[in-house]
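Worksheet for the structure shown next.
Just so we're clear, the structure is a prediction, and the values are computed from it rather than from any experiment. Quick note: numbers below take in every heavy atom, side chains included, and nothing from hydrogens, waters or symmetry partners. All residue numbers refer to positions in the sequence shown, counting from 1.
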Amino acid sequence: EKLLVESGGGLVQPGGSLTLACTASGFTFDDYAIGWFRQVPGKEREGVSCISGSDGSIYYDDSASGRFTMSRGFGENTMYLQMNSLQPEDAATYYCARADSGYGCYHTGIRGSQFDTWGQGAQVSVSV
C-alpha cells in the first residue's frame, strides 16, 4: 500500500520556523514528482512547492519563494519542507502528495490534477 505521512506541524509565532517531513512507504520517491500543498477551510488547495521526478528541479510558488526550502533526506525516503519567516497567512493544513509519474511539477507551476497519492495533512498555525 502506498502511503505518505506528514509530520512536524505545530504552532509557531510570526517570524518563526517549522520543518515538515513527508515519509513514504510502499514506494520510493525516485521517478515521481512530489509536491507540498496547503489548504485553509473555505479556500482552494494551493501548491506551495514541488520537485520534478524527471529532472529533479524544484519549483516554489511566489508565496514560498525565498522563505521555504524543499529537500530530500540523503538516503531517506523522506521529503522535507523547511519554512522560515512564517506569517499568519501561512497557517493552513499542509499536505504532501505524489504524482502519477515524474511529471506534474514544472518551472511554471504545479499541476495538482496529476497528484494522486496524498498524505493526511499536518496543521501549521502561526499566531502570537
### Task
Kindly indicate, with the supporting measurements, whether the criterion side-chain contact (heavy atoms from CB on, under 4.5 Å) is fulfilled by Val124 and Met83.
CA-CA 10 Å; Val124 172; Met83 305 183 293; 3.9 Å; yes
Can you name the closest pair of heavy atoms from [X] and [Y] and give their distance?
X	Y	result
Leu18	Leu86	N-CD1, 3.8 Å
Ile58	Ser49	CG2-OG, 3.9 Å
Ser85	Ser17	N-OG, 4.3 Å
Val40	Ala91	CG1-O, 3.1 Å
Pro88	Val126	N-CG1, 3.7 Å
Ile110	Cys50	CG1-SG, 3.3 Å

Contact check, side chains of [X] and [Y], non-hydrogen atoms, under 4.5 Å:
X	Y	answer
Pro14	Val128	yes
Gln123	Leu11	no
Val5	Gln120	yes

### Query
Within 45° of the six-membered ring axis of Phe37 and under 6.0 Å from that ring's centre, is NZ or CZ of Arg45 located there?
yes
### Message
Tell me whether the NZ or CZ atom of Arg111 lies within the 45° cone about the ring axis of Tyr103 and under 6.0 Å from its centre.
### Response
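Negative - Arg111 is either too far from the ring of Tyr103 or too far off its axis.
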### Task
Only one of Phe115, Trp118, Phe27 passes side-chain contact (heavy atoms from CB on, under 4.5 Å) with Arg98; say which it is.
Phe27
### Other residues, nucleotides, ligands: >12 heavy atoms within 6.0 Å of Glu44 CD
no
### Query
Got more than 12 heavy atoms from elsewhere within 6.0 Å of CG, Asp31?
no
### Task
Answer yes if the side chains of Asp55 and Ser52 hold a donor-acceptor pair under 3.5 Å, and no otherwise.
yes
### Query
Any side-chain donor paired with an acceptor under 3.5 Å for Thr19 and Gln82?
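Their side chains do not contain a donor-acceptor pair, so the 3.5 Å distance test is not met.
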Spacing of [X] atom [atom1] and [Y] atom [atom2] [to the nearest 0.5 Å]:
X	Y	atom1	atom2	value
Thr23	Leu4	OG1	CG	9.0 Å
Ser25	Lys2	OG	NZ	11.5 Å
Thr117	Asp100	OG1	CG	8.5 Å

same_hphob_cluster([X], [Y]) at 4.5 Å side-chain heavy-atom cutoff:
X	Y	result
Met70	Tyr80	no
Tyr59	Tyr94	no
Tyr95	Met79	no

### Message
Strictly distance-based, threshold 3.5 Å: is any side-chain N or O of Glu6 a donor or acceptor partner for the main-chain N or O of Leu20?
### Response
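No; judged by distance alone, with no hydrogens or angles, the pair does not exist.
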### Query
Would a line drawn from the ring center of Phe68 to the ring center of Trp36 be shorter than 6.0 Å?
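They do not qualify: ring centres at least 6.0 Å apart.
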### Task
Going by the side chain to side chain donor-acceptor pair (under 3.5 Å) test, name the single residue among Gln87, Arg38, Glu46 that passes it with Ser63.
Arg38
